[in-house]
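This report concerns only the one structure given below.
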Amino acid sequence: MTESNQHNPPLLHDYTHLLNQLPPVRDRGVNVKRQRAFDGRGETEVMEECELPLVDLCGLWSEDVEERDSCASEICKASAEWGFFQIVNHGISLELLRKMRMKQVKLFKASFETKAASGLLDNSYRWGNKTATCPNQLSWCEAFHVPLTKISDDSCYGEFNSLREVMQEYAGEMQELAKSIAKVLVTNMGVKRGLWEDECNASTCFLRLNRYPPCPISPEVFGLVPHTDSDFLTILHQDEHVGGLQLMKDSKWVAVKPNPDALVVNIGDLFQAWSNDVYKSVEHKVTVNKEAERHSIAYFLCPSYESFIGCCEEESSIYKNFTFGEYRSQIQRDVKDYGHKVGLPRFLVSN
């Protein structure tokens with residue numbers, strides 16, 4: 001079997017040996033209310049599609065104290081109970097989101113050779129998973145994982161220079177929105193200032209432009225393998241029509257219903273450690289679609305690699321102090337040695 005389009009990465013060709021390890025195809029009717037998914041640890045039942053907690057951020061900008069407090073309470077409750085929530089009236093114009101999506105789609109329609117060899121966006125192009133040794137470690141996707149420091153660099157864009165202005169505006173808006181939400185979470189813990197105020201700036205944060213090509217092989221292939229995010233928080237502009245995002249809730253996979261008017265926010269490992277497990281960094285994944293491609297854009301709020309991630313309640317902390325650089329290095333070692341991320345359990349005081 002060959003790739004169907006010249007702009008697709010050679011996933012079928014390069015990962016045939018892994019895909020041949022998939023279990024036999026069974027009945028996977030698309031109209032069933034409950035499906036089963038292979039997550040590398042056996043089969044788990046997937047719940048019906050549902051909606052995440054929805055927070056209207058109008059209250060956050062209100063002059064009314066009660067409205068601000070109510071909105072902040074919703075954000076903190078969702079961060080503690082779900083680790084995920086959706087936001088509307090977030091201050092980022094739908095026109096900017098639309099423009100960014102159009103530029104993103106155009107970028108990914110370039111040939112695979114152009115994307116992989118031209119040095120686009122600081123050589124940030126990546127696809128699949130070159131270290132995968134079994135199907136549950138393979139991600140059926142391609143992406144540009146771009147440091148914000150490179151977004152204003154003309155030399156990174158080549159023939160796609162028209163993307164620069166839109167991407168700069170988009171990154172700036174996401175930066176301010178992420179810091180506003182982070183401030184709410186920090187204040188809720190009784191802390192006046194947070195690490196993010198000094199350390200999480202354009203020199204440390206990232207944008208990731210994702211594309212999940214149609215997968216003709218099996219719905220048991222991951223678009224993005226189950227994982228938690230290794231940052232403070234993530235803001236996701238997901239596909240308005242093609243679903244695929246799932247998260248772990250009450251030991252079951254929950255399929256997130258796309259909301260064309262909302263952005264998705266999720267807590268990362270660093271906020272879970274900093275809050276002493278008050279806020280939850282929840283495992284999530286992306287599933288594939290046999291016929292439709294899917295696009296999304298994720299903004300990651302990160303500190304510098306030298307920043308210490310100490311608990312806001314240091315005397316009762318369940319985690320050791322560690323730097324973001326140490327955390328990233330440990331993740332990389334674990335992925336190399338075991339094929340998957342271990343994450344926060346590595347840094348428990350009990351260990």
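Quantities reported herein were computed from a predicted structural model and do not represent experimental measurements. Residue numbers run from 1 in the order of the sequence given.
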Inset, instruction - Applying side-chain contact (heavy atoms from CB on, under 4.5 Å), run through Ile331 and Val342 and close with a yes or a no. - result: CA-CA 7 Å; Ile331 290 171; Val342 177; over 6 Å; no
Please tell me whether [X] and [Y] have a donor and an acceptor in their side chains that are separated by less than 3.5 angstrom.
X	Y	result
Asp153	Ser155	yes
Asp277	Gln272	yes
Ser296	Gln238	no
Glu176	Ser180	no

Inset, instruction - Give the intermediate values and the outcome of side-chain contact (heavy atoms from CB on, under 4.5 Å) for residues Cys312 and Trp274. - result: CA-CA 6 Å; Cys312 62; Trp274 180 86; 3.6 Å; yes
Inset, instruction - Please assess Val286 against Gln246 for the test side-chain contact (heavy atoms from CB on, under 4.5 Å), listing each intermediate value before the final yes or no. - result: CA-CA 6 Å; Val286 176; Gln246 296 183 359; over 6 Å; no
Legend entry - For His227, ring-ring contact (aromatic ring centres under 6.0 Å, His included) partners two or more places apart: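 If we apply the ring-ring contact (aromatic ring centres under 6.0 Å, His included) test to His227, skipping adjacent residues, the hits are His284.
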Legend entry - Contacts of Phe347 that satisfy ring-ring contact (aromatic ring centres under 6.0 Å, His included) - sequence neighbours left out: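 Once residues adjacent in sequence are excluded, the partners of Phe347 under the ring-ring contact (aromatic ring centres under 6.0 Å, His included) criterion are Phe322, Tyr327.
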Where is the tightest heavy-atom contact between [X] and [Y], given as atom of each residue plus distance?
X	Y	answer
Cys71	Gly59	CB-C, 3.9 Å
Pro9	Phe112	CA-CD1, 3.5 Å
Asn89	Trp61	O-NE1, 3.6 Å
Gln21	His17	NE2-O, 3.3 Å
Leu60	Arg68	O-CD, 3.8 Å
Val221	Val288	O-CG2, 3.3 Å

Between atom [atom1] of [X] and atom [atom2] of [Y], what is the distance when rounded to the nearest 0.5 Å?
X	Y	atom1	atom2	value
Asn136	Leu138	CG	CG	9.5 Å
Leu177	Leu57	CG	CG	6.5 Å
Leu209	Lys103	CG	NZ	13.0 Å
Met167	Phe144	CE	CZ	9.0 Å
Asn8	His13	CG	NE2	14.5 Å

Joint cluster assignment, [X] & [Y], ILVMFWY side-chain distance < 4.5 Å:
X	Y	answer
Met189	Ile267	yes
Leu185	Ile235	yes
Val256	Phe84	yes
Phe222	Tyr338	no
Val242	Leu107	no

Can you confirm whether [X] sits close enough to [Y] that some side-chain heavy atom of one is under 4.5 Å from a side-chain heavy atom of the other?
X	Y	result
Pro258	His241	no
Leu120	Tyr125	no
Ser316	Asn276	yes
Phe300	Cys205	no
Asp229	Asn266	yes
Tyr157	Leu121	yes
Val264	Ile87	no
Pro214	Glu291	no

With sequence neighbours left out, write down each residue that passes side chain to side chain donor-acceptor pair (under 3.5 Å) with [X], or none if nothing qualifies.
X	value
Tyr279	Asn188
Arg208	Asn210
Gln86	none
Asp239	none

Do side-chain atoms of [X] reach the backbone of [Y] as a donor and acceptor pair under 3.5 angstrom?
X	Y	result
Ser275	Phe271	yes
Lys280	Val278	yes
Thr204	Cys302	yes
Asn129	Gln137	yes
Glu67	Asp64	no
Ser307	Pro303	no

So that I know where these two stand, are [X] and [Y] an aromatic pair - ring centroids less than 6.0 Å apart?
X	Y	answer
His295	Tyr212	no
Tyr299	Tyr170	no
His7	Phe108	no

Inset, instruction - Scan Leu97, Leu236, Ile297 and name whichever one has a side chain to side chain contact (heavy atoms under 4.5 Å, CB included) with Leu263. - result: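 Going through Leu97, Leu236, Ile297 one by one, the side chain to side chain contact (heavy atoms under 4.5 Å, CB included) with Leu263 is satisfied by Leu97 alone.
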Inset, instruction - Give me the ring orientation class for Tyr15 and Trp127: parallel if the planes are under 30° apart, tilted from 30 to 60°, perpendicular past 60°. - result: perpendicular
Legend entry - Crowding at CD, Glu165 (>12 non-hydrogen neighbours, <6.0 Å): no
Can you list every salt bridge (Lys or Arg N to Asp or Glu O under 4.0 Å) pair that touches [range], not counting sequence neighbours?
range	result
residues 329-348	Asp269-Lys341, Asp334-Arg346
residues 294-310	none
residues 134-146	Lys115-Glu142, Glu142-Arg211

Inset, instruction - Could you list who else is in Val88's hydrophobic cluster, with ILVMFWY side chains joined at under 4.5 Å, directly or through other members? - result: Leu54
Per-pair distances, 0.1 Å, donor-acceptor, side chain in residues 72-83, under 3.5 Å, sequence neighbours excluded:
residue	atom	partner	partner atom	Å
Ser79	OG	Ile75	O	2.8

Legend entry - Which residues share a side chain to side chain contact (heavy atoms under 4.5 Å, CB included) with Lys99, sequence neighbours left out: Glu95, Val166
